[in-house]
Amino acid sequence: MPRPTPPPRGRPSRRLLAAGAALVAALATTVPLPAAAAPATASAPAAQAAPAYNYAEALQKSLFFYEAQQSGRKPSWNRVSWRGDSALTDGADVGVDLTGGWYDAGDHVKFGFPMAFSTTMLAWGAVEYRDGYVASGQLTHLLNNLRFVNDYFVKAHPAPNVLYGQVGKGDDDHKWWGPAEVLPMARPAYKIDASCGGADLAGETAAAMAASSMVFRPTDAAYADKLLGHAKQLYTFADTVRKSYSECITDAASFYKSWSGYQDELVWGATWLYRATGDAAYLTKAESEYDKLGTEPQSTTRSYKWTLAWDNKQFGAYVLLANLTGKQKYVDDANRWLDYWTVGVNGQRVPYSPGGMAVLDSWGALRYAANTAFAALVYSDKTTDATRKARYHDFAVRQVNYALGDNPRNSSYLIGFGTNSPKNPHHRTAHGSWWDSQTVPVETRHVLYGALVGGPSAANDAYSDSRSDYVMNEVATDYNAGFTSALARLTGEYGGSPRAGFPTAETPDMDELTVETTVMQAEPRATGLKAVIYNKSAFPARALTTGKFRYYFRPDGTGPVTVTPGYTQGCPSPSTAKQFSGDIWYVEVDCTGYTIAPAGQSQHRMEVQFKIGVPEGGTWDPTNDPSYQATAGPNRKVPLYSGGVRVWGDEPGPATPDTTAPTAPGTPVASGVTATGLTLSWAAATDTGGSGLAGYEVTQAQTGSDALVLRPATTNTLAVTGLTPERTYQFTVRAVDGAGNRSAASAALAVTTPAAPAPDTTPPTAPGTPTASAVGPTGLTLTWGPATDAVGVTGYRVYRGGTVLVGSTTGTTLAVTGLTASTAYTFTVVAVDAAGNVSPASPGVTVTTTTAPTGGGCAVTWTANTWDTGFTANVTVTNTGTSAINGWTLAFTFPSTGQKVGQGWSANVTQTGTAVTASNLAYNGTLAAGASTSFGFNGTHTGTNPKPTAFTLNGAACTVS
């Protein structure tokens, strides 16, 4: 089934766009065979007679793609030079380490359901065709990648009946377009457990870990046992808590809802556990659940018009059980399914393009062909039917070769392999945008080697290498899984050699970190400057959090220098200058603590403006300044540092060490003396060593005590707190320069603190009687007159019924929520002063909340995923009446004339002007009392996409949520 995946700065949730089609399965994906081609004798497109491609190289690169998808701490063996650590706080919101695993596709959500399926398919290929990995030298890379993802599954399964199935919120992730290393959004973790399970998710993860245990068994039996232990627990969890996981991880419902249900995973998982353990009880379990698998509509014939993919595993179960048991019913189901993909069944066959591509569905069509090709190879290797053995083998070779370049375009669909492969996959990190935009930069910055794109979306061999075309040009872990395993099989048969020296590390395509300067004011005695740090990093992308840059200049004389701060985007604008060497000085802009990352139009830059010059009477010539550049643009004469290391630009030369201490500060003077504090000030020190004053150290001593307190100060004034009443203190001050040199101490100041004032025991006056406004069924707003207090009121507390604290505030108004409709409440208010004294309660006010609104006979839920000029809407209609509805029409009006309906599913959706109607299909026309049905459609808009405000069902108004 089409897989939903994330939109670039907005785009429809993929895999759900055709989800409705999955419920009626292949009705839209079959075509009649030509009249002259009888199903019993028609042949599939012929395979290549000899190896047409270097399958070992394709396998090498296909595995590399999984390393580009890694999340978390980048392992030392990862070969993708342009990837770095990412998403290192995954799971922090739930207190579980959920770092690791794979990003799903061109986005950065970790969807556990397709991740587990991809793992099962990769492991299956190694179980069947380990020799292909050995012969091509790729076994170590396979084991590395399988261990990486299984380590994540282990983390995600912290208890027998707990499995974290998603990290990242789909819509939030998909609205942003940038590299994984600088993700700006929160990434919540979602789980299933005994209270809200997911047999499909748990069953598939059990299959993945069981199959993987077989791959690791020959080289690491202890790790294989560990995976098998988790697999057994997960399968028991799946079998015990039978529920669809998207009912509990509801965010996944818009992206990877299992439309086939969980029955296929129960069969699939048990079969893999039987293979991994040899325990016949698992085989018995698989066979007992098999007869509950899906059938063709209005038929007892097992489904055959779809294929093995992230949602539906029953087609894989046909092959596994037929090969394991040889029983005729499994053989018949496998034959029928693969015949439908090759010669046809009952006059119908999967559509084929003129160039020979089997096209099951528009979204990621090559993925379906590749998955089927792999299963066909596994089955053809075991079947004793010589005709079918050749037919299915040749079909598989033909589909793999089509993807590698044997097609009318003579173009490979595997990135970085063969001729004219795609260059602009729909993949955020590979693109390397710093602008949060699919169009900036124009060219994709990285080669996403080994990624299989979706390919032609119809049976016409047409394809567009467009980054925005996520139907034909997105990539995903499940796209590559069956394809990789098929390549392992063909490598074993036809041989081949991996590419020597692959991969070579990529080098940056531009200066990633720069400083640009612009002369804003060229005055007789000063120069006004705008300096902008830019972070366009992608090799790998990284955030700049300890950035500093320096602007060097010559004062032209011995007089003072003035530095005037100006506008800043965030980092403090400089106000002082320091001597660098001889007559060269500099101002430093310190952005430590500010994040400058390639994550958006404003996020990737930091602008700071300042002016440097001399007072009236001085001389100023900027043209001899080491950092001066008359034209606006990147300025290498302004060096940029990260963590103290220069990452851009050039310094003017070695600095002369500063060993001269500042002069001693003036004697401190005390003001504002209280029993517990005072303010010190002193005449500033001077520094002639070149590094400039960095601050002061104030030493505090108490008469009669040997204890010394060292207090830092950045200016020549300091507020001192925490003193004891009626004590004598002595204070001295030293100056410190930028090189760490300390001055002599100032003369000492002695100060005696007075006695402490008597404590405040007088409470405030009672607040005024509260009044209520904005009264609703669940909340209201209270306002009251202020209390008075000799010292000062610091806040108010609002009570319900005199004893239940509703809330606190520093003002005289409070919004109260969480109330019950049609209920009377009495509220009082007390005031609190700085000493903690509480006033008498105000007079009470009694308020009755309003009655909650009641709905009619229907309710509508509308959700939409909106991007630049398009959107996907999902609508759920609920019959809230007491009798069934037989046949329904939902009507609503778009608020904007620019909103247009496109392709719909699970309903007939039409539009006239701004009026839209959606009527039921044959299978969902009856809505029992309390029942719901959902439909959806793609649409376009011209800039805004407001939600419809009113809906009618068969003419009756509905409540809307």
Side-chain angles (χ1 to χ4, degrees), residues 545-550 555 560-565 571-581 584-594 610 641 643-644 655-754 756:
T545 59
T546 57
K548 298 180 181 181
F549 70 83
R550 290 178 175 181
V561 174
T562 60
V563 181
T564 307
C571 303
S573 182
S575 59
T576 60
K578 297 179 181 180
Q579 188 176 20
F580 174 68
S581 177
I584 299 177
W585 289 61
Y586 67 88
V587 292
E588 181 174 81
V589 174
D590 187 351
C591 292
T592 300
Y594 293 85
F610 54 91
Y641 305 82
T656 301
D658 176 10
T659 59
T660 303
T663 61
T667 304
V669 175
S671 61
V673 180
T674 69
T676 58
L678 51 84
T679 298
L680 294 175
S681 58
W682 55 89
T686 59
D687 183 71
T688 59
S691 59
L693 282 176
Y696 297 89
E697 292 175 350
V698 177
T699 301
Q700 169 190 316
Q702 181 179 326
T703 302
S705 171
D706 293 333
L708 295 178
V709 178
L710 197 65
R711 298 176 180 270
T714 57
T715 65
N716 61 330
T717 184
L718 177 69
V720 179
T721 60
L723 303 181
T724 302
E726 300 181 274
R727 297 288 189 274
T728 299
Y729 295 90
Q730 284 192 333
F731 299 95
T732 57
V733 185
R734 291 179 185 268
V736 182
D737 68 15
N741 300 305
R742 285 170 169 76
S743 74
S746 69
L749 167 71
V751 182
T752 300
T753 54

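- In this structure, the separation between OG1 on Thr699 and CZ on Phe731 is 10.5 Å, given to the nearest 0.5 Å.
- Leu693 pairs in a side chain to side chain contact (heavy atoms under 4.5 Å, CB included) with only one of the listed residues (Thr576, Thr714, Asp687, Asn716), which is Asp687.
- Using a distance-only test at 3.5 Å, with no hydrogens or angles considered, a donor-acceptor pair links the side chain of Ser743 to the main chain of Ala735.
- Considering only heavy atoms from C-beta on, Pro572 comes within 4.5 Å of Tyr594 through its side chain.
- A distance of 12.0 Å separates CG in Leu718 from CD in Glu697, rounded to the nearest 0.5 Å.
- Between the side chains of Thr752 and Thr728, a donor-acceptor pair is found at a separation under 3.5 Å.
- Checked by atom type and distance alone, the side chain of Thr753 pairs as donor or acceptor with a backbone atom of Arg727 at under 3.5 Å.
- Heavy atoms only, all atoms of each residue included: Ala664 and Ala744 are closest at CB-O, 3.5 Å.
- Heavy atoms only, all atoms of each residue included: Ala756 and Ala675 are closest at CA-CB, 3.6 Å.
- Between Val561 and Pro555, the closest heavy-atom pair is CG2-CB, 3.6 Å.
- Remark: side-chain polar atoms of Tyr696 are paired, donor with acceptor, to backbone N or O of Ala685 under 3.5 angstrom.
- Judged by distance alone, with hydrogens and angles left aside, the side-chain atoms of Arg550 form no donor-acceptor pair with the main-chain N or O of Glu588 at under 3.5 Å.
- Here the closest non-hydrogen pair linking Ala661 and Arg742 is CB-O, 3.4 Å.
- For Arg711 against Leu723, the heavy-atom pair with the smallest separation is NH2-CD2, 4.5 Å.
- Side chains of Ser746 and Pro668 form a contact here, defined as non-hydrogen atoms less than 4.5 Å apart.
- For Thr679 (side chain) and Gly672 (main-chain N/O), no donor-acceptor pair under 3.5 Å exists by modelled atom type.
- Going from atom CG of Leu680 over to atom OG1 of Thr667 covers 12.0 Å, rounded to the nearest 0.5 Å.
- Panel note: side chain Tyr729, backbone Thr724; a donor-acceptor pair is recorded below 3.5 Å.
- With Thr732 contributing its side chain and Gln700 its backbone, the two residues share no donor-acceptor pair below 3.5 Å.
- Below 30°, between 30° and 60°, or above 60°: for Phe549 and Phe610 the angle between ring planes is between 30° and 60°, a tilted geometry.
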